[in-house]
Amino acid sequence: MSETAKSRAAALSHLRRGRLAKGDPIPLPLTMAAIFHAPGDATGFDQYGRFSNPTWDAVEHMLAHLEDAPCVAFPSGMAAISAVFFGLLKSGDRILLPSDGYHTTRALADRFLKPFGVAYDVRPTSTFLDGGFDGYRLAFVETPANPGLDICDITAVAEAAHKAGAILVVDNTTMTPFGQRPLDLGADIVVAADTKAPNGHSDVLFGHVASRNEDIIAAVSGWRETSGSIPGPFEAWLVHRGLETLEVRFDRMCASAEIIARRLENHRAIKGLRFPGLESDPSHNLARAQMERFGFLISFVLASEDKAEDFINNCALMQAATSFGGVHTSAERRAKRGDAVPPGFVRLSVGCEPVEELWQAIEASLDGVSG
Ligand SMILES: Cc1ncc(COP(=O)(O)O)c(C=O)c1O
């Protein structure tokens, strides 16, 4: 982790310190309120739960500290992505999406943007630069892409997109601000599902938009207030608590993923292994240049659907679950969600378990489906 990331991590749990009055609770109080005391002039304070809430403010303050940019919180990652699309696009615009990223982003464009006159095209993440960005209002990348873990060069895409007059949105869900810093690499907007590693305990959905452009922040805040796509205070409170341990969890998860990926490389049951931290990975050089860590996701292919299911279901230290980034290791056979991957394709999310115990459980389950 770079020095800046370390100092950002160190300050994270003390952000409230400067705002405390004598006798205030040190942990964040949860404010459950739809209405606030509002006599007289109706400006400059919390008034109504669709406009603002002190618990959101606190979590947004933490996210802004991590992103080094103003942030707007949303009730899920998809709500954050929707706010960018519906807050910034208008009929007649054309956008570019990854063909191999999270499938619901494409579904959103297809089912809800297209009927409003916003056209979209798709491109693979690994060749996202090919073809340029002329005619696009917005380019959206996810790197590493979920689930295939291909990567694209954020700096190069940002430069080319800007030259063509497009803005660049990066879905940074797979990396978190501790793993990759798209705004520093030239992106205009970061969106993320804090449902994953930032909350980390798989008990809440949440998302945010980060941008250093005040017009963009005003547009997505306006969308939130007007559409009512607001996070619940309790969810915000849980994410605030999750963020306090993000750095330590993320560090453990990434370190364990590197160890496990290296061992998987030599296992006879595994084909098509992808982990950006492996020297053999096609994205490794770019990953070294643009990512602070290599992440906690690993993907690979087992011989068949049954073998992949058995591997996941028979591993004592693995949850069979969609999503990723939780403290518990989890895995999913992604073909069952409709991703264009082989039937035996597994996306593995490495959790916080001690790595030797975790590896023993993974190896035992893999040995059970080998041969
Ligand atoms: C890369 C990525 N972006 C966005 C989302 C959407 O997040 P949420 O489920 O919180 O709406 C997901 C969910 O899996 C995801 O993987």
Side-chain angles (χ1 to χ4, degrees), residues 59 63 71-86 95 97-112 122 124-125 128 139-152 154 168-177 179-180 182 187 189-210 220 223-224 227 229-232 235-236 238-239 242-243 246 250 253 274 276 291 295-299 319-326 330-334 336-341 345-350:
V59 79
L63 289 166
C71 287
V72 185
F74 286 92
S76 66
M78 285 317 302
I81 294 170
S82 301
V84 167
F85 289 167
F86 288 97
I95 67 169
L97 303 175
S99 54
D100 51 344
Y102 183 52
H103 59 92
T104 310
T105 305
R106 290 189 298 281
L108 176 65
D110 200 61
R111 293 180 57 194
F112 297 103
V122 298
T125 298
F128 205 79
F140 185 107
V141 298
E142 199 183 291
T143 176
N146 165 30
L149 305 183
D150 268 332
I151 284 178
C152 67
I154 296 174
L168 176 63
V169 183
V170 177
D171 183 333
N172 204 32
T173 298
T174 54
M175 288 315 296
T176 88
Q180 179 170 264
I189 301 176
V190 161
V191 290
D194 299 306
T195 310
K196 319 294 179 187
N199 178 57
H201 295 77
S202 309
D203 47 11
V204 99
L205 278 89
F206 210 76
H208 75 269
V209 175
V220 294
W223 166 261
R224 178 174 74 178
S227 68
S229 178
I230 54 166
E235 284 74 8
L238 283 170
V239 172
L243 285 172
L246 172 59
F250 187 69
M253 287 155 65
R274 294 300 305 269
M291 292 155 67
F296 51 81
L297 291 176
I298 301 174
S299 69
Q319 299 296 330
T322 195
S323 198
F324 51 83
S330 67
E332 184 170 48
R333 200 177 61 75
R334 285 302 295 181
K336 76 180 181 194
R337 298 276 162 196
D339 285 338
V341 291
F345 178 101
V346 174
R347 182 190 66 205
L348 171 65
S349 172
V350 176

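Counting starts at 1 for both ligands and their atoms, in listed order.
Nearest protein neighbour of atom 6 (C) of ligand 1, counting heavy atoms only, is Tyr102 CE2, 3.5 Å. At the shortest separation from atom 7 (O) of ligand 1 among protein heavy atoms lies Ala193 CB, 3.2 Å. Among protein heavy atoms, atom 8 (P) of ligand 1 sits closest to Gly77 N, 3.4 Å. Nearest to atom 9 (O) of ligand 1 among the protein's heavy atoms is Leu205 CD2, 3.8 Å. Here the heavy atom of the protein found nearest to atom 11 (O) of ligand 1 is Met78 N, 2.8 Å. Atom 13 (C) of ligand 1 has Lys196 NZ, 3.0 Å as its closest protein atom, hydrogens excluded (heavy atom only). At the shortest separation from atom 3 (N) of ligand 1 among protein heavy atoms lies Asp171 OD2, 2.6 Å.
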Worksheet item: Do Asp100 and Thr125 pass the side chain to side chain donor-acceptor pair (under 3.5 Å) test, and can you show the C-alpha distance, the side-chain angles, and the key distance before you say yes or no?
Response: CA-CA 7 Å; Asp100 51 344; Thr125 298; 2.6 Å; yes

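Taking a 4.0 Å cut-off on heavy atoms, Asn146 registers as neighbouring ligand 1.
On a distance-only criterion, Thr195 and ligand 1 share at least one N/O pair closer than 3.5 Å. For ligand 1, the polar-atom distance check finds no N/O of Phe324 at less than 3.5 Å from any of the ligand's N/O atoms.
Looking at every heavy atom in both residues, Trp223 comes nearest to Ser229 through NE1-CB, 4.3 Å. Contact detail for Ala83 and Phe74: the closest heavy-atom pair is CB-CZ, 3.3 Å. Listed here is the closest heavy atom pair of Thr174 and Pro144: OG1-O, 2.9 Å.
Using a 4.5 Å cut-off on side-chain heavy atoms (C-beta onward), Phe140 and Ile81 make contact. Between Asn199 and Phe206 there is no side-chain heavy-atom pair separated by less than 4.5 Å. You'll find the side chain of Thr105 reaches within 4.5 Å of the side chain of Phe85, heavy atoms only.
Evaluated for a side chain to side chain donor-acceptor pair (under 3.5 Å) with Asp339, the options Arg334, His103, Arg347 yield exactly one hit, Arg334.
Taking a cut-off of under 4.0 Å to the non-hydrogen atoms of Glu142, the atoms of ligand 1 that pass are 1 (C).
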